[in-house]
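Since the structure comes first, as C-alpha cells, the remarks are kept for the end.
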Amino acid sequence: MSTVEDFFTHHDDWPWNPPRPGRATFHYLIAVTEGELRHDVDHVTRTVTPGQWLWVRPGHVQCWHPPGAARGPFILFEPDVLRPDLARLLAPLTAHEAPAVLTPHPDDTAWLQQTSFQLLDEHRALGRRPLDIHHALRRSLLESLLLRLANSPGITPIGTATAHAGRADRYGRFLDALELHFRELHQAADYAELLGCSVRTLSRAARDAAGKGVRELIDERRLLEARRLLGVARWDVRSVAVHLGFSDPANFGRFFRDRIGLTPAAFAAGEAG
C-alpha cells in the first residue's frame, strides 16, 4: 500500500514516456482526496475527483496518464486475500463488470478516507507490533473498508430484497457464466440451458438489469477480450479469432470492424504505435 503521489515519485520516468497499457493481475483501489486522477480502464478514460474511488479489477486493461495533482491512498490486494464468506458478500463490488469509478454515499466519504489512511499507517507500521497482529489489523481494516464501499450507489448488495430480486439473481448468474464461457458459448440459448431457464426469461432479466439483450452482452464481452488480446497481449489476428471461437479470421474481422470501425490489424497497429 502507498499513495498516488508516492507512486508517481517512485516512477518518475515510467510509464509516462510513453504510457503503456497493461493487464491487472490484482485489485488496484485508489481514493482521490485532492486534485484529479485520469486513468484508462479497458480503453476508456476515467476521471476521478475528490471523494471518488478508482477500482481496477484483475483482468482489466489499464493505462496510467502522466502524473497530475491527484493525491490519496493507493491500495493493492490480491483476489484471494478475501475470506470466502466475505468474498460472497462483496461479489457485486469485486465483479469484473462492476463500475470502475465509485462515488460513495456522502455519509460514508469521510469514514472511508479515514479508514484508508489508517490502513496506510498500519501498512507502514511493520515491526511496531507482532507480525500476526500486524497482518490481522491490516486485514480487518481492508475488510471494513470494502464492506462500506459496497454501500456505494450503483452496487446492489447480496440479498437485497426487491420486486425483481429473482431476475437480478438470474442476471448475476448469467454474468458469472458469461465470464467463464464467453470463448466457446455465443448464443443466448447456451446460457439459458446452463441456468435452467428459457431464453425469454433470461432475456427479460438482462433487459431489466442492463437494458441490453443477451446476445449483445455476449458480443460485448468477446469484443472486449479481442481488444485486450490485440492490444496489450499483442496476439495475432488468427490466434484471437481461434481463441474467441470464430470459425475463421474473416468472420472475426467482420465482427470486429462492424463494432469498432477498424479491422483487427489496424486496431493492433494503432495500439502498438
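Atom set for the values below is all heavy atoms of this structure, side chains included, hydrogens, waters and symmetry mates excluded.
Taking a 4.5 Å side-chain heavy-atom cut-off between Ile, Leu, Val, Met, Phe, Trp and Tyr, the cluster of L131 extends to L126. Counting side-chain heavy-atom gaps under 4.5 Å among Ile, Leu, Val, Met, Phe, Trp and Tyr, L224 is found in no cluster with other residues.
With salt bridges taken as basic N to acidic carboxylate O contacts below 4.0 Å, one links R215 and D219. Between D121 and R128, at least one side-chain nitrogen of the basic residue sits less than 4.0 Å from a carboxylate oxygen of the acidic one, meeting the salt-bridge criterion. Residues E220 and K212 are paired through a salt bridge, judged by an N-O separation under 4.0 Å between the basic side chain and the carboxylate. A salt bridge links R228 with D42; the closest basic N to acidic carboxylate O contact falls under 4.0 Å. R138 and E122 are not joined by a salt bridge, as no carboxylate oxygen comes within less than 4.0 angstrom of a charged side-chain nitrogen.
For the residue pair T103 / Q52, a side-chain donor-acceptor distance below 3.5 Å is found, with atom types taken as modelled. If you check the side chains of H39 and Q62, you find a donor sitting under 3.5 Å from an acceptor.
Listed by first and then second residue, the salt bridge (Lys or Arg N to Asp or Glu O under 4.0 Å) pairs involving residues 242-258 amount to none (not counting sequence neighbours). Residue pairs meeting the ring pair (Phe, Tyr, Trp, His ring centres under 6.0 Å) criterion with at least one member in residues 100-143, sequence neighbours excluded, do not occur. Legend: ring pair (Phe, Tyr, Trp, His ring centres under 6.0 Å) pairs involving residues 239-262, not counting sequence neighbours, sorted by first then second residue: W235-H243, F246-F252, F246-F255, F252-F256, F256-F267. Applying the ring pair (Phe, Tyr, Trp, His ring centres under 6.0 Å) rule to pairs touching residues 182-217 yields F174-Y191, sequence neighbours excluded.
Residues passing the salt bridge (charged side-chain N to carboxylate O under 4.0 Å, His left out) test with R23 are E225, sequence neighbours excluded. Considering only residues two or more places apart in sequence or on other chains, D108 meets the salt bridge (charged side-chain N to carboxylate O under 4.0 Å, His left out) condition with R148. Here E143 pairs with R83, L86, R139 under the side-chain contact (heavy atoms from CB on, under 4.5 Å) rule; sequence neighbours left out. For the side-chain contact (heavy atoms from CB on, under 4.5 Å) test, residues two or more places apart in sequence or in another chain that qualify with D40 are T45, C63, H65. Remark: P50 pairs with V32 by the side-chain contact (heavy atoms from CB on, under 4.5 Å) rule, at least two apart or across chains. Listed by chain and number, the residues in a side-chain contact (heavy atoms from CB on, under 4.5 Å) with D236 are R238, S239 (sequence neighbours excluded).
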Inset, instruction - Would you sort out whether D6 and T3 count as a side chain to side chain donor-acceptor pair (under 3.5 Å), showing the intermediate values? - result: CA-CA 5 Å; D6 285 346; T3 63; 3.2 Å; yes
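Around atom CD of E184, more than 12 heavy atoms belonging to other residues, nucleotides or ligands sit under 6.0 Å away. Annotation for E179: atom CD counts as buried by contact number, over 12 foreign heavy atoms lying within 6.0 Å.
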